[in-house]
Each structure stands twice: as structure tokens, then as C-alpha cells.
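Structure record follows, encoded as C-alpha cells.
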Protein chains: 2
Amino acid sequence: MTTSPDGSFRPRSKRERTLAALIGAGLDLFERQGYEATTAAQIARTAGVTEMTFFRHFPTKAHLLLDDPYDPVLIAAVAARPRAERPFLRAVNGVRAAWRALPEPEEPAIRRRVRIVARTPSLRGEMWRSTGETERSIVEQLVADGAAPEAARVAAASVLAALVAGLYSWAERDTGTLTDAIDDALDVIDVRHD
Amino acid sequence: MTTSPDGSFRPRSKRERTLAALIGAGLDLFERQGYEATTAAQIARTAGVTEMTFFRHFPTKAHLLLDDPYDPVLIAAVAARPRAERPFLRAVNGVRAAWRALPEPEEPAIRRRVRIVARTPSLRGEMWRSTGETERSIVEQLVADGAAPEAARVAAASVLAALVAGLYSWAERDTGTLTDAIDDALDVIDVRHD
DNA sequence: GGCTTCATGTTAGTCACTAACATTTCTGAA
DNA sequence: TTCAGAAATGTTAGTGACTAACATGAAGCC
């Protein structure tokens with residue numbers, strides 16, 4: 001995502017301008033009154049647009065916060081790990097590598113969004129649902145390289161859970177870099193790097 | 001839960017009789033037409049009752065499947081592990097112990113419900129949301145005994161994710177006991193039992 | 001058998017979406 | 001510049017998950 005700290009970005013087409021307006025209004029309202037108390041219609045109105053238009057840009061209200069492009073990167077990073085590693089370590093190390101590649105300037109925008117998610121139970125559920133797709137792709141990759149499907153599923157799920165838990169902790173405080181936070185989180189479940 | 005394989009149980013009061021009717025109708029309909037395609041009103045009608053009555057028994061449609069009483073057991077089991085264990089192992093071993101205590105006769109009913117959840121993305125999200133409460137309790141316990149909050153959060157989240165992944169795998173096949181499935185799942189993330 | 005309480009029904013409304021169709025706004029080529 | 005086709009938006013109407021307020025019926029207790 002090309003957002004800057006306030007959620008806006010340099011608009012090219014009209015579509016992108018509306019998108020930016022919606023995201024800006026959404027983040028503001030969510031932070032001020034909470035996610036549940038904010039209505040899709042209200043966000044749309046604030047952005048000078050109709051409710052219908054909101055749903056043309058986001059399939060669900062939650063997608064305003066959860067639409068991220070990191071998943072393909074993650075999947076690729078896991079795939080790039082040596083096939084000889086056992087599934088669990090492959091997943092851990094892949095996730096580690098993927099997030100190290102994240103440009104630091106994007107961190108404030110991510111923190112803002114994740115913080116809202118971390119504080120809203122229904123959004124945590126949505127986050128997990130969206131992570132589910134990433135999970136499936138990682139499992140596919142591991143299984144294609146010879147892992148047992150059930151072990152692969154457990155590995156992917158627990159590593160992603162650790163990642164998300166680390167993300168939440170990082171977002172709730174105001175200090176530290178994302179990369180460090182994720183490294184620390186993965187260290188908890190990955191005692192020995194062999 | 002005191003349900004038998006078909007989701008029914010010996011009814012005492014009128015309330016329990018309606019509850020049983022709703023659960024029975026719900027499971028049947030979910031299995032036949034899928035969760036999303038089944039309406040709360042339809043379940044209610046099938047159970048010979050009004051939509052309003054449905055929501056008097058279950059706060060949400062998902063609760064018909066996710067209302068389980070296992071969480072307190074789980075929390076207690078984690079608490080029972082020696083305080084000297086590091087948080088991650090305490091969580092792993094606690095979860096292991098908790099599920100070993102499950103009476104086998106309940107397995108078919110659990111399998112039926114979990115199978116529906118496993119096949120419905122939105123329910124996987126709901127499951128995670130409901131697991132979130134368990135997670136918080138486990139974290140509280142670990143932190144009260146001296147663990148770092150962030151490590152405790154990661155430990156609880158990833159162990160529960162492994163547990164749920166194991167549950168899903170088990171429910172999707174027709175063989176094996178729940179206890180074994182969960183042990184296998186936890187083995188994936190817990191290499192060395194020290 | 002009357003009285004209280006609990007389970008249920010009724011009605012009306014909010015909010016997240018979806019579908020079908022109409023209208024406006026861009027944009028690129030003549 | 002102009003004008004057609006595409007893209008973005010608006011309008012209307014509806015479904016389904018819930019919620020609140022109020023009314024009614026049936027259970028259980030004395």
C-alpha cells in the first residue's frame with residue numbers, strides 16, 4: 001500500500017481520490033468513535049460520497065482496514081526457504097524474512113490501522129479470517145514440497161498467530177520497529193534455530 | 001455440553017426443549033444447505049418457533065455452533081502447570097492436559113460442529129474471535145506468574161492456533177481420536193519437551 | 001385456583017450488505 | 001474540439017442479522 005501516515009496518498013484517477021477520502025474518513029471516525037459505532041453510510045457521507053460507493057471500493061466495512069498487499073510477499077518468502085527445512089521452521093523463517101523487507105516509512109500507517117483492529121474483537125476475527133487465505137497458500141507451498149498436510153496446517157496457523165500477536169503488541173505501544181517486534185514474537189515459538 | 005451425536009439432549013424445562021430443537025434444526029440445515037445459506041428465521045421456523053426466540057437463546061447465529069464450555073477447563077489446566085515452565089511450554093502442556101480429560105463419547109457431536117466451522121470461512125473468523133477470550137485468560141494467568149506480557153500473548157495465540165488447526169484437521173477426516181489429533185498438532189510446534 | 005415468573009410472540013427499526021438500472025464524469029481517438 | 005464508450009457514481013428496493021419495547025401465554029408455586 002502506498003499510504004502515508006495519515007492514510008492519504010497521491011491521487012491519480014478519480015477512483016483513487018475517492019478511495020483516499022474514504023480511507024481518511026474511515027480511520028478518523030474509527031479512532032474517534034470506535035469501529036462498531038461507525039457506520040459505513042457515515043464514512044461515505046464524510047467522504048462526500050454515497051453508501052453504495054463505499055461498498056464499490058470495499059467489499060466489507062472491515063476491508064477498509066484489512067486490505068493489505070503483504071500476503072503475496074509472505075507466501076513468496078516462505079517458498080524461498082530451503083525445502084530441506086522442516087515445515088515449522090520454514091514458515092517461521094519465511095515470515096521473518098518477509099517482514100524484514102518492509103520499508104520503515106510505512107510503519108506509522110500500519111500501526112494506526114492495526115491498533116484499531118487490535119482493540120476491536122470483531123475485527124480480530126476478521127483479521128484471522130483474512131489471514132486464513134494466507135495460511136492456505138503457505139500450506140499449499142509446504143505440502144507441494146513434501147510436508148504432511150496436517151503438520152503444515154498447524155505450522156502455518158501457529159506461526160501466523162504469533163505474527164499477528166506480535167503485530168498487536170507492537171501497535172498498542174508507541175515505540176520500537178515492526179521488524180524487531182516480529183522477530184521477538186517469533187523467538188517465543190522458535191527456541192532453537194537449527 | 002451434554003449433547004449426544006445428533007445434537008439433542010434430555011430436556012428438562014421448556015427452555016431446554018426449545019434449545020434442543022433449535023440446535024437440532026440448526027445442525028441439520030447447516031449440513032444440508034451450508035451455514036451462509038441458512039437463515040436464523042429458517043432455523044427458528046423448522047424448530048417451530050419465532051426468529052426472536054432464536055436470538056433469545058443464542059446471541060448470534062454463530063453461537064449455535066460455538067457455544068462451548070471447554071474454555072474454563074483449558075484455562076485451569078494451564079494454570080495448573082508448574083510456574084517454573086516458560087510461558088510457551090506452560091501453554092502447550094496445559095492445552096495438552098486439558099484435552100486429554102475430554103470424555104470420548106462427546107467426540108461425535110464435537111466433530112459434527114467443528115466440521116461445519118472448518119468449512120465456513122466466516123465461522124473460522126468467529127471461532128478465532130471466541131478463542132480470543134480464552135487467549136486473554138491464559139495470558140492473564142501467565143503474566144500473573146511473572147511472564148512478559150508480550151511473550152505470553154504470542155505463546156497463548158500460537159498454541160491456540162495450533163489447537164484449532166488440529167481440531168479442524170481431525171474434524172475433516174472420519175478417523176482417530178480427538179486427543180491424538182491434538183497431541184499431534186502440538187508436537188508440530190513443541191519439538192523438545194524439556 | 002390464583003399469582004408470579006418465565007418463555008414466547010409482535011412490531012418496528014438499524015445496519016451491513018446486494019442487485020438492477022439510471023446518470024453523470026472521464027478519457028481517448030477522430 | 002468533439003464525441004462515443006468506459007468508468008465512477010447515484011437511486012431504489014430488498015435481504016438478513018440482529019435489537020428494543022411492549023403484549024400475551026403458559027409453567028410452576030402456594
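Protein atom CZ of R17(A) is 13 Å distant from nucleotide atom C1' of dT9(D), rounded to whole Å. Between M52(A) atom CE and dC21(C) atom P there is a gap of 15 Å when expressed in whole angstrom units. Between E51(B) atom CD and dT14(C) atom P the separation is 17 Å, expressed in whole Å. Atom CZ of F54(B) is separated from atom C1' of dG16(D) by 12 Å (rounded to the nearest Å). As rounded to whole Å, 14 Å separates atom P of dT11(D) from atom CZ of R45(A). One can place CD of E36(B) at 11 Å from P of dT18(C), the figure rounded to the nearest angstrom. Atom pair F55(B):CZ and dT14(C):C1' shows a separation of 14 Å (rounding to whole Å applied). Remark: C1' of dT8(C) and CD of E16(B) are 17 Å apart, rounded to the nearest angstrom.
At least one side-chain nitrogen or oxygen of H57(B) sits closer than 4.0 Å to the OP1 or OP2 atom of dT8(C). For dG9(C), one of the phosphate oxygens OP1 or OP2 lies less than 4.0 angstrom from a side-chain nitrogen or oxygen of T53(B). Contact check, T39(B) against dA17(D): a side-chain N or O comes under 4.0 Å of OP1 or OP2. Look at T50(B) and you'll find a side-chain N or O under 4.0 angstrom from OP1 or OP2 of dG9(C). Look at K61(A) and you'll find a side-chain N or O under 4.0 angstrom from OP1 or OP2 of dA16(C). Note on S13(B): every side-chain N or O is 4.0 Å or more away from OP1 and OP2 of dA7(C).
Salt bridge status for D67(A) with R113(A): absent, with no side-chain N to carboxylate O gap under 4.0 Å. Ionic pairing of R115(A) and D174(A) is present here: one or more N-O contacts between side-chain nitrogen and carboxylate oxygen are shorter than 4.0 angstrom.
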Between side-chain atoms of residues 136-147 of chain A and protein atoms elsewhere (two or more places apart, or another chain), which donor-acceptor pairs fall under 3.5 Å?
from: S137(A); atom 1: OG; to: E133(A); atom 2: O; distance (Å): 3.1
from: D145(A); atom 1: OD1; to: R83(A); atom 2: NH1; distance (Å): 3.4
from: D145(A); atom 1: OD2; to: R83(A); atom 2: NH1; distance (Å): 3.4
from: D145(A); atom 1: OD2; to: R90(A); atom 2: NH1; distance (Å): 2.8
from: D145(A); atom 1: OD2; to: R90(A); atom 2: NH2; distance (Å): 3.0

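No hydrogens or angles considered: nothing links the side chains of T177(A) and E107(A) as a donor-acceptor pair under 3.5 Å.
Sorted by first and then second residue, the side-chain hydrogen bond (donor to acceptor under 3.5 Å, both in side chains) pairs involving residues 150-166 of chain B (not counting sequence neighbours) are S169(A)-R153(B), R173(A)-E150(B).
Backbone-only contact: T38(A) has heavy atoms under 4.0 Å from sugar-phosphate atoms and none from a base.
If you check dA20(D), dT9(D), dA17(D) against the side chain of T18(A), the one that comes closest is dT9(D). Closest approach to the K14(A) side chain among dT8(C), dG10(D), dC26(C) is made by dC26(C) (side chain taken as heavy atoms from C-beta onward).
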